[in-house]
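Take a look at the structure below.
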Amino acid sequence: MIKINRYWDQLDCLQVNREPARATFVPYSSEQGAKAGKRGSSPYYQTLNGAWKFRYHRSLDEVAELFYEEQSNEHASWDSLIVPSCWQTNGYDQLHYTNINYPIPYDPPFVPDENPAGAYVREFNLPSDWENKKTYVVFEGVNACFYLWVNGAFAGYSQGSRIPAEFDLTSYVKSGRNKIAVLVLKWCDGTYLEDQDLWRFSGIYRDVYLVSREQTHVRDVFVKPELTDNYTKGVAKVELATSGELSVRAELYGPDRTKVAAGEARIEGQGTIELAVDQPELWNAERPQLYELYVYAGDEVLLFRIGFKEIAIKDGVFLINGQAVKLKGVNRHDSHPVLGQSIPINHMIKDLNLMKQHNVNTIRTSHYPNDPRFLDLCDEYGFYVIDEADLECHGVTRTGKMEEGAFHKLSVDLTWQEAFVERAARMVERDKNHASIVMWSLGNESGYGPNHMAMANWVKERDASRPVHYEGAAPIYNGDPNVECLDLESRMYASVADIEAYALDEKSTKPLFLCEYSHAMGNGPGDLQDYWNVIYAQPKLMGGCVWEWCDHGIAVKAPNGEAYFAYGGDFGDKPHDGNFCIDGLVSPDRQPHVGLLELKQIIAPVVVQADDAGKGSLRITNRYDFIDLSHLSLRWKLERKGQLLDQGNSGPLEAKAGETQKLQIVYREADEVSAGDVLTVSIWQPLEERWAAPGHEVTFAQFELGGDNGTAAANHQAAPVHAEFMAAREVDGILTIDGFDFQYEFNLRKGVISGIARHGVQMLQAPAKFNVWRAPTDNDMYIRKEWETAGYDRAVMKVYESGWAALPDASVQVKVNFSLGGYTRNPFVRGIAVWTFLPSGEAQLALEANVHEEAPYLPRFGLELVMPKGTEEVEYYGYGPHESYIDKRASVRKGHYLLTVDEMARTYVMPQETGSRYGTEWAMVTSELGMGLRFDAPAPFSFQALHATSADLTSALHTYELARREETIVSIDCKMSGVGSNSCGPQLAEKYRFNEKAFRFELSLQPVFKEE
């Protein structure tokens, strides 16, 4: 057993020999090399990424004593492991997802004796020209703590998983061959401060590299761009820390690469060079203007890309460069479906491209500092970043009896204060020069007390230019009421009513930030529009970050070879929180969910409104905070019942930030425009951007001209009526209705249509039925229990009475008195359904029903039909092309759509309700030959066609468990409840619930050969 000092559970030892934290930079030998930004081209940089010899041990007790010694060759037979990487994604240890619960017994600062350990060894060459210089090693991220040896000598120890650790190796290395050894422990006392909602990965998972420095060098740089005289004058205060007396020169270049200022000084230890700039170009997320600061010292050149900006809070309003700004953000974890928390640069770029394409301007680095290269990209792309300390101890709330104040027990325990403060300090020191950072965050869900106050005070003393954020001090947690050290109020999952009340309260003096809202789990969120209606209206509401950016699924294969994404519990991990990690706006492989399309439209920087759409009179409002609309174009089209009437481009767009312009569309045939026509306006980018190709659409708007458009009648030419062929007969409770070229069968005992045919083609595979159940969405997880208690999931139809009669016009009418209920419980719906079968072949339903007073709101109510194999084509007039719900429909457009049944569904990592189309006016579900059923109704309805039943979707826990049926299941719903965000947010708003206690449902269906 290896003998090492027990640093891992000693609160008074957070590091041994680790260098003080500093800003991220690499020295270069020339300004050209620095500007190119390729670290590997610098003669003063050497990567240690690559293949290391590795051995995993289930416990520290199993580690061989001398593996790190210079002459030891024990590692020769070990596995080869790529660094950076995570143990768990390479087959070592245990893939484990837990949200709140600690994965170890709560016994701080102690961790289990069976503490998994990973031993790493590699050799590297050191060039001879490094011999008389200082040599440092930088570990960008190691989870959870590690011991370091070089050439057999102990060099240091560090913990704090997501902040760099740097060590001076000068006295340990030599020219030529060297040996480095690292022992990583899975747990340490820091584990109690790293209880974030994520997969618990371990190992050397970020970059490792060597840096060669002059004996006397610039150790750290803090660039403070300051603005005065109404932003017309700027000064870059370059605060320098050196390892000795040193001559330093600084040169500042503007965004156009012209030199704007220069200065030099002789500095010993600490000093400042001030660089004045007239008329500085300001940095913001819309125009991320970056200056290049070159620092010359000895043979070294350092480059810092900086931005001039000012963050302020005035009268409770959050300001950037004097302008009120709304933060339209997302919470982002470092997450990759194959690599875990080892994130390639192109994966970061993919995230940022998608965010830009969907109008996101803010990122909260939940809940730890992300890879430092990510912030470089945010500076360049233009994002506002809330940089969050690697601190969460949510698990304290699950450790036993939840006595008052339990949430705060680590934040009020002063023995932990140094550990708390260090996490903020190391973050600030690393990231202080990034223009993109607009706030420092003290962590997440860790209670609140003097330890957080100490963090805030340290941050403010070091950097007074940015506000300090922390949600854990919200009044709901009953922590220390002294929040003077925090610059804004922050909330998680507050309701729309709550944030509006805050904004209207005159006692609210700080801006309110929703650090998490609209939980984007599964089919959702469905409340984004309501939040943003209030946020836009209230100056004190500065915006928020949707939880969260991506689903944290692990890419694996099922026993049958089918690829799918796994979640908590799929690897035998305990404790776990199931699919609660599958709660993002994009899938693990970065396919946008509909929720992201909704967010894009709702937070769009341009709003199009119509003064009179029929006359082409529009208003274009610029919701950008700093730039005008001259970089955008407008195109439009006019349609009638899905057919193009007219189209064109209009402009110019020129409204300045925050202003509105009027714009006139000229129709070719203005006199022909009529009620029911639909005008679609698209705002798009004609030029290429770094993050989007030419033609990228920023937003759209649709306007339906007033009046009854008669869509259903106009799109459905009635077939000739041959009333003389109508005949009805009843045999053993089955009513058969024959017409000229069609036939219906109605099961009077069951009260439903059991067969439909035209020209002998059968349209039903099974009897139709009334249905209230939908496969619960993730956001239904709480109301689901009430639904199941009420029996919605096991509802059967009881027929009390049914009868039929032939009418004078040759129609046949069937009347059914029925109820729906599940075992044990009272029926929850009672109603009367009247079916009228017309000589035209149309079957009309008029249903009136009452819902039990004590029943919870219904998921849906409608008619479900099972259509036979080969029914693959869906045509409809309504909203598309993707799914929509009463509270999730900002991103859909009214039009005429032709899709396959497979295209109707969205894929969710855990199967659930999917593919409904809100506001459908008519629909046809047919074979590719056009043989099938048409559905119409006096009022728009929700419509769905899938290769799965609600029961299939309910029972499947993963995509590979959802077998594709050959039949097509069609649902025509008079109403479908909304989806909301209640998985970790407020309950579904009343206005989106199917809560009517009495309702009427009218529908018609007809067998069609639509190609005739």
Side-chain angles (χ1 to χ4, degrees), residues 716 719 731 733-771 773-775 797 814 835 837 840-845 860 862-876 897-905 911 914-917 920 922-937 941-956 962-973 1003-1012:
H716 181 34
V731 177
I734 303 298
L735 175 66
T736 301
I737 303 161
D738 288 304
F740 176 70
D741 57 4
F742 65 88
Q743 183 183 78
Y744 285 92
E745 288 186 352
F746 197 99
N747 189 319
L748 295 168
R749 291 191 298 272
K750 295 185 176 180
V752 293
I753 294 174
S754 54
I756 306 174
R758 186 176 183 196
H759 292 299
V761 177
Q762 297 296 323
M763 309 295 188
L764 286 188
Q765 187 73 20
K769 67 176 184 178
F770 295 122
N771 181 39
W773 182 248
R774 74 178 184 199
M797 183 171 173
V814 180
W835 290 93
F837 299 90
S840 63
E842 182 180 355
Q844 296 179 342
L845 168 66
R860 72 195 316 165
L863 184 69
E864 180 180 290
L865 305 101
V866 180
M867 299 184 68
K869 177 182 177 181
T871 307
E872 296 294 339
E873 191 165 280
V874 179
E875 185 176 359
Y876 71 96
Y897 293 96
L898 180 64
L899 304 171
T900 65
V901 173
D902 288 329
E903 290 171 335
M904 288 286 286
T914 182
S916 188
R917 299 301 195 272
T920 305
W922 60 262
M924 287 188 282
V925 185
T926 68
S927 68
E928 288 190 76
L929 293 174
M931 303 173 185
L933 295 175
R934 179 186 170 102
F935 306 93
D936 295 271
F941 52 89
S942 287
F943 160 67
Q944 186 180 59
L946 303 172
H947 281 304
T949 66
S950 293
D952 295 337
L953 291 165
T954 301
S955 61
L962 184 64
R964 182 184 184 276
R965 290 179 179 262
E966 294 183 333
E967 305 86 357
T968 294
I969 289 78
V970 177
S971 296
I972 310 295
D973 297 312
L1003 169 72
S1004 70
L1005 59 86
Q1006 186 166 12
V1008 294
F1009 280 26
K1010 71 177 183 180
E1011 293 189 0
E1012 295 186 1

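Because the structure is predicted, anything quoted here is derived from the model rather than measured.
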Mark yes or no for whether [X], through its side chain, and [Y], through its backbone, hold a donor-acceptor pair below 3.5 Å.
X    : Y    : result
T968 : T871 : yes
Q944 : I972 : no
Y876 : R917 : no

Hey, what do you get for CZ (F837) to CZ (F746), rounding to the nearest 0.5 Å? 5.5 Å
Can you tell me how far CD of E928 sits from CD of E873, rounded to the nearest 0.5 angstrom? 6.5 Å
Residues which pass side-chain hydrogen bond (donor to acceptor under 3.5 Å, both in side chains) with Q765, listed by chain and number, not counting sequence neighbours: none
Contact between [X] and [Y] at the side-chain level, heavy atoms closer than 4.5 Å - yes or no?
X     : Y    : answer
W773  : T954 : yes
L863  : F935 : no
L1003 : Q844 : no
E864  : I969 : yes

Would you call D902 and R964 a salt bridge, using N to O less than 4.0 angstrom? yes
Flag the pair E967 and K869 as a salt bridge only when some basic side-chain nitrogen lies within less than 4.0 angstrom of an acidic carboxylate oxygen. no
Across all chains, not counting sequence neighbours, the side-chain contact (heavy atoms from CB on, under 4.5 Å) partners of V752 are K750, P767, M797
Residue pair R758, M763: steps toward the side chain to side chain contact (heavy atoms under 4.5 Å, CB included) verdict: CA-CA 8 Å; R758 186 176 183 196; M763 309 295 188; 4.1 Å; yes
Without hydrogens or angle criteria, can the side chains of E872 and H947 be said to hold a donor-acceptor pair below 3.5 Å? yes
Within 45° of the axis and under 6.0 Å from the centre of the six-membered ring of W922, does NZ or CZ of R934 qualify? yes
Decide yes or no on side chain to side chain contact (heavy atoms under 4.5 Å, CB included) for L1005 and I756, but give the supporting numbers first. CA-CA 10 Å; L1005 59 86; I756 306 174; 3.7 Å; yes
Please determine whether side chain to side chain contact (heavy atoms under 4.5 Å, CB included) holds for the pair V1008 and M924, giving the CA-CA distance in whole Å, both sets of side-chain angles, and the decisive distance to 0.1 Å. CA-CA 8 Å; V1008 294; M924 287 188 282; 4.1 Å; yes
